[in-house]
4 protein chains.
Amino acid sequence: MIKQAKVAVLGATGFTGEKLVEILLSHPNVEIVYLSSRTEIPVPYSKLFPRFTGKTNLNCEPIDVKKATEKADILFLSLPHTISMDFAPGVLAQGKKVIDLSADYRLDADIYEKYYKMSHKDTANLKKAAYGMPELFKKKIEKASLIANPGCYPTSVILALYPLLKEGIIENKIISDSKSAITGAGRKAVIEYHYSNISNNIWAYKPFVHQHVPEMVEILKAATSASIDLLFTPQVIGVEAGIYSTIYVTFKKVASEEQISAVYAKYYKNCPFVRRMSSLPKLKDVVGTNFCDIGFALDEKKRNAVIASAIDNLIKGAAGQAVQNMNVMLGLDETTGLL
Amino acid sequence: MIKQAKVAVLGATGFTGEKLVEILLSHPNVEIVYLSSRTEIPVPYSKLFPRFTGKTNLNCEPIDVKKATEKADILFLSLPHTISMDFAPGVLAQGKKVIDLSADYRLDADIYEKYYKMSHKDTANLKKAAYGMPELFKKKIEKASLIANPGCYPTSVILALYPLLKEGIIENKIISDSKSAITGAGRKAVIEYHYSNISNNIWAYKPFVHQHVPEMVEILKAATSASIDLLFTPQVIGVEAGIYSTIYVTFKKVASEEQISAVYAKYYKNCPFVRRMSSLPKLKDVVGTNFCDIGFALDEKKRNAVIASAIDNLIKGAAGQAVQNMNVMLGLDETTGLL
Amino acid sequence: MIKQAKVAVLGATGFTGEKLVEILLSHPNVEIVYLSSRTEIPVPYSKLFPRFTGKTNLNCEPIDVKKATEKADILFLSLPHTISMDFAPGVLAQGKKVIDLSADYRLDADIYEKYYKMSHKDTANLKKAAYGMPELFKKKIEKASLIANPGCYPTSVILALYPLLKEGIIENKIISDSKSAITGAGRKAVIEYHYSNISNNIWAYKPFVHQHVPEMVEILKAATSASIDLLFTPQVIGVEAGIYSTIYVTFKKVASEEQISAVYAKYYKNCPFVRRMSSLPKLKDVVGTNFCDIGFALDEKKRNAVIASAIDNLIKGAAGQAVQNMNVMLGLDETTGLL
Amino acid sequence: MIKQAKVAVLGATGFTGEKLVEILLSHPNVEIVYLSSRTEIPVPYSKLFPRFTGKTNLNCEPIDVKKATEKADILFLSLPHTISMDFAPGVLAQGKKVIDLSADYRLDADIYEKYYKMSHKDTANLKKAAYGMPELFKKKIEKASLIANPGCYPTSVILALYPLLKEGIIENKIISDSKSAITGAGRKAVIEYHYSNISNNIWAYKPFVHQHVPEMVEILKAATSASIDLLFTPQVIGVEAGIYSTIYVTFKKVASEEQISAVYAKYYKNCPFVRRMSSLPKLKDVVGTNFCDIGFALDEKKRNAVIASAIDNLIKGAAGQAVQNMNVMLGLDETTGLL
């Protein structure tokens, strides 16, 4: 049994990479042996992020996959899309494990090509990758060498919908009105992310066509025999962290609050990070945590429900879930280092 | 023709009342002759709100409707629901005009009773009240003595939907996912509105049952022969001001972007405060203004559209629209004092 | 007497330029005849800033000083430092007036060179420029062709200190602890101004050496015979707008609150934009206005006072004061278009 | 050696109490055996604070000191000022330990009376109480039964100044311009703490007379033979958490940056929670942590320094420091449960 895993983080200076380092540093069964980013020379990580002063003496190094593979048992790839698939094959070939936080191993090759305008370069491993949502795919994750860590929006939407679709009790036409902190777009120096444009603002973007739609649809389709007609509207809101998805579903036949609660309980009773709230959740209750809070309100007669799902976009929506996956892969308690 | 109207504001210390005073003070055709609130003795308004220092020497007085009616031509009632209907009859009987910002004259008596748990006390005037949305009901407003100034959520939703329903091109099942600043709930000393609870937060509340639903449904029903099945989800977001409604509609038959734009143009081409944006609007572009920005995205094949509508909840959603109504009543240009 | 001035704004897409356009558009005695910025081809201004939709049809053009000089009576230069002095001489030579919002005409040539690492190229006009703070230098502004519009920090600090220094009642050792919105640093696409770095943050920067120090010292020195020992600490705070300067002074001999108030009254009794508040001001009371709110607290026995001065950094600290200067130059009421 | 301490939190629903519960729940050597607040009947703590759902099943009970004393080894009193001194004597008499987060045991009886308008009721224990700042008074804390946990402002100011005063290298006239999140004022339902009043705002209050001044002065006086002339200006800023103190000191004779750094190193080299930053700190780097970040800038010639000190007001300024004190009392590593 692995007591102390050696891990590497490639892409340690993005918002997700930074959060990953934060979580891993206080994880009792992990030793970070390698950090890297797009830097020319090694730089103390705490110089890049002064808030890590006194917490780590690690350097952030220029990216060197070979070196990372030699030193670490598990590599977290927190890299821009289309780059992970260059690196992963070599790492896996050396018998090391990969938790990829990009979209590279989440989609079928043809869909990937459509959304990322590039042929998939590693279809062999793509087939073997486990979709890293432990609440739903724990068995596969336990045995996997390559994890496709879910996207942030998909995490909030899939956890809310999967049980209802799997049980076949809702219609396949679904609307998700999702609101996200801007950190989901990555740490980029663009005018649009300037404080004055985000603060006190909200706007919808990319309706119908967001690249997270196929991810949600593929996973949810697997839960049901029918196709999924998901209308997804992402929105930027001026909050520091979090995604709040307000989801509209219609029940095939009249369902009571108790029945719906029972369905969620059936799927999540052993899932420490999914909380079925007695009322509609508030975003702030999950910020800084790996929880996904789910609540709903029911118009029983009309068979409509509003389901609200809240996560921290960088934690349950990215770095936290990645560590949760690592825990499952290592045979540790799922919550280790995450509560 | 009235060049200088004398106005009174009853309820001048709520968020809406304060905004009303701000707008009226810089309105070229208005003289504020009376301000009042729940105070024991007259207090300089600029002492209650230091930001008005140097802008007005008016006192805020204990509420005295008789006095206000004597002094003013037009009375703005910015009072809690169920109180306006006590005051309005007396004012109207003296031949003065009333712009009521509460819900008291917005709903049919039976629906009012259902939502406000109280019989309506002034059904005679209720029938004569004009619903104060100049973009849709200008003719009636011009001749009215009593204006029911619309609610904030209804303003954002009705302006987005009325043309489409009136033209009969969308189905009657509609979802509005609306997000509002907390100021819409009034200036109250409650823990829930504490900075630390609102900042960086978002949550849904009162799904299906919000008291603004019947207002929207009644007005929209009048636009169409069919009934309206509106699923409305209000949400609090941590912004200083504004409402952002993301509205989901289905077209009866395939409609192009040009066709839909033409419908909006038909209804709003002479409406200076409704802006048809070429993309989905951003909340901040309307904050501090009386504009309602409307944009939409279309999935032509599926006949779905996402319509987004943005207003400043205290301006177009309350005080600004009230002044716009006053302008119409006085025969002034609609935009006077509002641009 | 000029009834309608034709104005141009060069640099209309920075935070200050945008605010300038906003104020000028609603100014009753102004017609904007020319807008420009670093653009290759003319673009509708409302396309660059959708919030101006329906408010202006003007294009923003590539910078062409000659064209601007031909069309306008007054040119607002809202350009990066070191560029205005290239443009101003030509404009002035054509008999047109310049209100320069950069630092180019605020400092003596030798001090300018020290702080901006460049020789001053237009020392002839530098000598004639009026420092555009109407509360203190109205006479000179009335006759000037070239206005050096004050910096944002200096506006908040100088207005608080000038009367006390001029009357010779405070010691020359002064500390100003000033906090500013990030918009003061200009609209730049840098990681440091990313929402996530500014929101909920505060930090001090450039202590002792900020480029606004010599501006404050030069102006204040002129008020007194002695030298000024000003310790100035600028700080970024996560607010949308505003500067709040907390200033520490020592009185030469015991002074009462009444005496100090009398000094302020002597200098500012006819100044509509300086408000002597009865208690320490709050930043939000001036946001969106051209006011400078000043309040103080006195430890009479120890002869210490804490003076707090609040302005909107883009209005009284930049665009609003520029328009106030224009009003003075045009012989209009100082408050025209600004209340 | 104590492996598992039983602790009680009295006053578990204030901001500090809530943070205390959060920290204690994840502390490896602590079992919370009792929570209480002003409630009539026991209520699940996670019902009061839904964010604790799945983290604790504890009830929050009506305050019963006797019961708490029986069940717990250590009692955290997170109660309003003047109440702790009613409870502490009984607890101490039973041989249990008290960590008091109020001001009741921080000041000499005569000064307490002056600031809290009430005679001190427990002068016997007041004399024995240890001031709970482990960086400075660890020895006394190790043996104490009663800890006076420091105030939030004093923590930020004292840690920055103590070494310099103790070494006798700065003059006794000091200014601290301190900015705090509103949570420092407690969870109260008052209009002043409404989101709309705090967001984007900053204002100074209680200059010269804040009740934290005597606490700072008493502790700092003990470091030096001379008296302390501290001018302290507290300010509310619209941030979620934190205190940022900008402190102005004058060195008695010219000191270099190295010399000053050496002084800090001498006092804090074994203090894991005080970080000497190489530049002026940013508030956000300490939010959510128990760190106090200290940086300074020096005008060597003028012998002036600006020292900036940043803490999370509810952690290092309250709950975190309380747990740090508990760790010291229990002989645990100071950082247990706090990193």
Side-chain angles (χ1 to χ4, degrees), chain A residues 18-19 22-23 25-28 44 46-56 195-196 199-201 238-242 268-295 308 310-312 315-316 334-339, chain D residues 18-19 22-23 25-28 44 46-56 195-196 199-201 238-242 268-295 308 310-312 315-316 334-339:
Chain A
E18 184 192 353
K19 184 61 78 179
E22 180 188 325
I23 296 172
L25 278 175
S26 65
H27 193 291
S46 65
K47 198 166 172 183
L48 297 173
F49 300 105
R51 71 188 189 90
F52 286 97
T53 303
K55 297 184 85 174
T56 180
Y195 174 74
S196 69
S199 172
N200 282 314
N201 214 348
V239 296
E240 297 242 343
Y268 297 138
K269 64 174 177 295
N270 296 317
C271 296
F273 291 119
V274 176
R275 301 193 291 197
R276 163 71 179 92
M277 308 305 276
S278 56
S279 59
L280 294 170
K282 292 184 166 185
L283 180 61
K284 246 177 147 167
D285 286 338
V286 301
V287 168
T289 81
N290 197 50
F291 290 115
C292 175
D293 283 2
I294 298 174
I311 60 168
D312 185 309
I315 305 182
K316 183 60 180 170
E334 217 170 304
T335 64
T336 313
L338 288 169
L339 274 189
Chain D
E18 183 191 353
K19 184 60 79 179
E22 181 188 326
I23 296 172
L25 278 174
S26 64
H27 193 292
S46 65
K47 199 166 173 186
L48 297 173
F49 299 105
R51 72 187 189 91
F52 286 98
T53 303
K55 297 184 84 174
T56 181
Y195 174 75
S196 69
S199 172
N200 282 314
N201 214 349
V239 294
E240 297 240 343
Y268 297 137
K269 65 174 177 296
N270 296 319
C271 295
F273 291 120
V274 176
R275 300 192 293 195
R276 163 71 179 91
M277 307 305 277
S278 56
S279 60
L280 293 170
K282 292 183 165 185
L283 180 61
K284 247 177 146 165
D285 286 337
V286 301
V287 168
T289 80
N290 197 51
F291 289 114
C292 175
D293 282 2
I294 298 174
I311 61 168
D312 185 309
I315 305 182
K316 183 60 180 167
E334 218 170 303
T335 65
T336 312
L338 288 169
L339 274 189

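In the text below, chain A, chain B and the rest are named by the order of the sequence lines, each starting its count at 1.
For D:Lys282, no part lies near chain A; criterion is any non-hydrogen pair under 4.5 Å. If you measure heavy-atom distances from A:Phe291 to chain D, the contacts under 4.5 Å come from the side chain alone. Residue contact with chain D, scored on non-hydrogen atoms closer than 4.5 Å, involves the side chain of A:Asn200 exclusively.
Looking at D:Arg275, its side chain does come within 3.5 Å of a backbone N or O of A:Thr53 through a donor-acceptor pair.
If you tally non-hydrogen atom pairs under 4.5 Å between each of A:Glu240, A:Lys284, A:Arg51, A:Met277 and chain D, the highest count goes to A:Arg51.
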